[in-house]
Structure formats: structure tokens, C-alpha cells
Participant: 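Handing you this structure, nothing more for now.
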Amino acid sequence: MKKRRRKRKGGHYHRGLHVSPKAGECKFRSGWEQAYMIWLDSNVDVTSYTYEKTIIEYVSNKKTGKIRKYFPDFLVEYSDHSELIEIKPAKRLEQARVKKKLAAAELWCTAHGIVFRVITENELRPMGLIKR
């Protein structure tokens, strides 16, 4: 019989509040998000950003037509363009629910003239934001 891992209470390992000169008070739900907020604050090309303020509706079940709301992690305003950023472990990108959200975000960004990026540990590591 397979042993089940216990989920840590609250379901998140690293969460808290980041006070940003560019975004004000931002709650974060992972150490990766916190590290990225610190990077955004230090990047001179970033004029402002918001955390989980953008709402994108998507169809979660084609059969029933159930509509859900997706809150991408960051909407970043650079001096010359805007980007919608989702930070996600690479192993989760193959999950059906995640694929639906990312597809909806791609469509939304195309309609609004915004660049959409998914950032995984593969991008965070070279930026020096995570170690392992």
C-alpha cells in the first residue's frame, strides 16, 4: 500500500507579506514569488507591478460550460511594454487545469497587447533567485 504524504497545514510552505516601493503591500504564496518581487523592485526598467489583481475567466469544463476565474501572479509594467507573469514549477505545466489557465491567459494577453510569460525554476535559477 502506498503511503500518503501529509500536506502541511495551510497547503503552502512559504507565504507572507512583501512591502514594495513599486507595488505597495503584496501578499505572496511562495518563496519563488517573493524572490521575484524583490527582483522586480530592484529592476530599474520596471515602473510598477501588481500581484494577483488581473482576473481572467476560462471554461474549466467544456461539457458543463463551467466558468472559473484565474488570477495570474504578476502584471508587470516596464518602461516600454507590459507582461503578464505566471510563476509555476515546471512539473505542474502538464496538469490539465494549468493548461486551461495558461491557454486562457495567452488569449487574454493577445487581445490586450501584453506579453505572457510562464516562469519556472529553469528561468529563476539563472536569474539567481533560487538555488536548487
Side-chain angles (χ1 to χ4, degrees):
M1 188 185 220
K2 200 174 183 181
K3 272 190 174 182
R4 285 187 171 208
R5 285 188 181 183
R6 275 195 183 171
K7 196 171 187 182
R8 195 167 179 181
K9 192 172 185 177
H12 300 283
Y13 288 100
H14 194 99
R15 50 204 238 172
L17 182 69
H18 174 75
V19 180
S20 164
K22 295 181 181 180
E25 289 187 355
C26 298
K27 292 182 179 179
F28 57 86
R29 292 197 253 168
S30 79
W32 293 2
E33 291 173 354
Q34 180 187 26
Y36 195 69
M37 286 178 187
I38 293 167
W39 182 85
L40 289 171
D41 289 336
S42 66
N43 187 329
V44 294
D45 293 331
V46 174
T47 56
S48 67
Y49 66 91
T50 58
Y51 177 71
E52 292 189 346
K53 299 278 189 221
T54 305
I55 302 169
I56 299 173
E57 291 187 341
Y58 70 100
V59 178
S60 67
N61 185 327
K62 287 183 182 177
K63 194 183 282 186
T64 64
K66 173 77 174 168
I67 304 287
R68 292 190 182 271
K69 292 180 180 176
Y70 164 47
F71 299 85
D73 293 326
F74 298 97
L75 178 60
V76 182
E77 300 292 333
Y78 288 90
S79 49
D80 60 345
H81 72 286
S82 300
E83 291 184 2
L84 192 68
I85 308 287
E86 178 64 32
I87 296 181
K88 188 79 62 197
K91 66 182 178 185
R92 295 200 43 216
L93 296 179
E94 293 305 312
Q95 295 176 346
R97 180 178 57 181
V98 173
K99 284 182 177 182
K100 289 175 187 175
K101 290 178 180 182
L102 298 182
E106 283 279 359
L107 290 172
W108 187 89
C109 285
T110 301
H112 290 86
I114 296 174
V115 175
F116 179 61
R117 288 183 39 208
V118 177
I119 297 177
T120 67
E121 61 273 19
N122 300 326
E123 289 79 27
L124 293 172
R125 219 173 270 120
M127 293 169 74
L129 300 182
I130 61 172
K131 292 181 182 172
R132 291 181 272 167

Participant: Taking the side chain as everything from C-beta on, heavy atoms only, tell me whether K91 gets closer than 4.5 Å to E121.
Facilitator: no
Participant: Go through the steps for E52 and D73 under the test side-chain contact (heavy atoms from CB on, under 4.5 Å), then give the verdict.
Facilitator: CA-CA 5 Å; E52 292 189 346; D73 293 326; 3.7 Å; yes
Participant: Looking only at non-hydrogen atoms, find the nearest pair between P72 and T54 and report the distance.
Facilitator: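 Scanning both residues completely, I find the closest heavy atoms to be CD-O, 3.3 Å.
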Participant: Rounded at 0.5 Å granularity, tell me how far NE2 in H14 sits from CD in E33.
Facilitator: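 Between H14 NE2 and E33 CD, I get 10.0 Å after rounding to 0.5 Å.
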Participant: Do Y51 and H18 touch side chain to side chain, with heavy atoms closer than 4.5 Å?
Facilitator: no
Participant: First locate atom CG of D45, then atom CG of L40, and finally report the distance between them rounded to the nearest 0.5 Å.
Facilitator: 11.5 Å
Participant: In terms of hydrophobic clusters joined by side-chain contacts under 4.5 Å, are I130 and M37 together?
Facilitator: yes
Participant: Tell me every residue that passes side-chain hydrogen bond (donor to acceptor under 3.5 Å, both in side chains) with Y49, counting only those two or more places apart in sequence or in another chain.
Facilitator: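 Applying side-chain hydrogen bond (donor to acceptor under 3.5 Å, both in side chains) to Y49 gives S20, D41.
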Participant: So which heavy atom on L93 is nearest to which on T120, and how close?
Facilitator: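 Scanning both residues completely, I find the closest heavy atoms to be CD1-CG2, 3.8 Å.
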Participant: Keeping to residues at least two apart or across chains, list the side-chain hydrogen bond (donor to acceptor under 3.5 Å, both in side chains) pairs with something in residues 56-66.
Facilitator: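 For residues 56-66: S60-R68.
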Participant: Sorted by first residue and then second, give each ring-ring contact (aromatic ring centres under 6.0 Å, His included) pair with at least one member in residues 113-132; sequence neighbours left out.
Facilitator: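 For residues 113-132: none.
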Participant: Of all residues at least two apart in sequence or in a different chain, which pass the salt bridge (charged side-chain N to carboxylate O under 4.0 Å, His left out) check with K22?
Facilitator: none
Participant: Return a table of donor-acceptor pairs under 3.5 angstrom between the side chains of residues 74-81 and protein atoms on other chains or two or more places apart.
Facilitator:
| from | atom 1 | to | atom 2 | distance (Å) |
| --- | --- | --- | --- | --- |
| E77 | OE1 | S82 | OG | 2.6 |
| E77 | OE2 | S82 | OG | 3.4 |
| H81 | NE2 | E83 | OE2 | 3.0 |

Participant: Hey, can you pull the donor-acceptor pairs under 3.5 Å for the side chains in residues 101-113, sequence neighbours left out?
Facilitator:
| from | atom 1 | to | atom 2 | distance (Å) |
| --- | --- | --- | --- | --- |
| T110 | OG1 | E106 | O | 2.9 |
| H112 | ND1 | W108 | O | 2.8 |

Participant: Is the number of heavy atoms from other residues, nucleotides or ligands under 6.0 Å of R125 CZ greater than 12?
Facilitator: yes
Participant: Mind checking who shares a hydrophobic cluster with V59, ILVMFWY linked at side-chain heavy-atom distances under 4.5 Å?
Facilitator: I67
Participant: For K53, enumerate each residue passing the salt bridge (charged side-chain N to carboxylate O under 4.0 Å, His left out) test, keeping only those at least two apart in sequence or located in another chain.
Facilitator: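 By the salt bridge (charged side-chain N to carboxylate O under 4.0 Å, His left out) rule, K53 matches no residue at all.
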Participant: Hey, what do you get for CH2 (W39) to CE (M127), rounding to the nearest 0.5 Å?
Facilitator: 4.0 Å
Participant: Show the nearest heavy-atom pair for residues V118 and E123, with the distance to one decimal.
Facilitator: O-OE1, 4.1 Å
Participant: Among all residues two or more places apart in sequence or in another chain, which pass the side-chain hydrogen bond (donor to acceptor under 3.5 Å, both in side chains) test with E86?
Facilitator: Y70, K88
Participant: Answer whether the closest heavy-atom distance between the side chains of Y36 and L129 falls below 4.5 Å.
Facilitator: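 The answer is yes; the side chains approach within 4.5 Å.
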Participant: Sequence neighbours left out, what passes side-chain contact (heavy atoms from CB on, under 4.5 Å) with E25? Give chain and number order.
Facilitator: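 Result, side-chain contact (heavy atoms from CB on, under 4.5 Å) vs E25: L17, V19.
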Participant: Measuring from I119:CD1 to I85:CD1, what's the distance to the nearest 0.5 Å?
Facilitator: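 Those atoms lie 4.5 Å apart.
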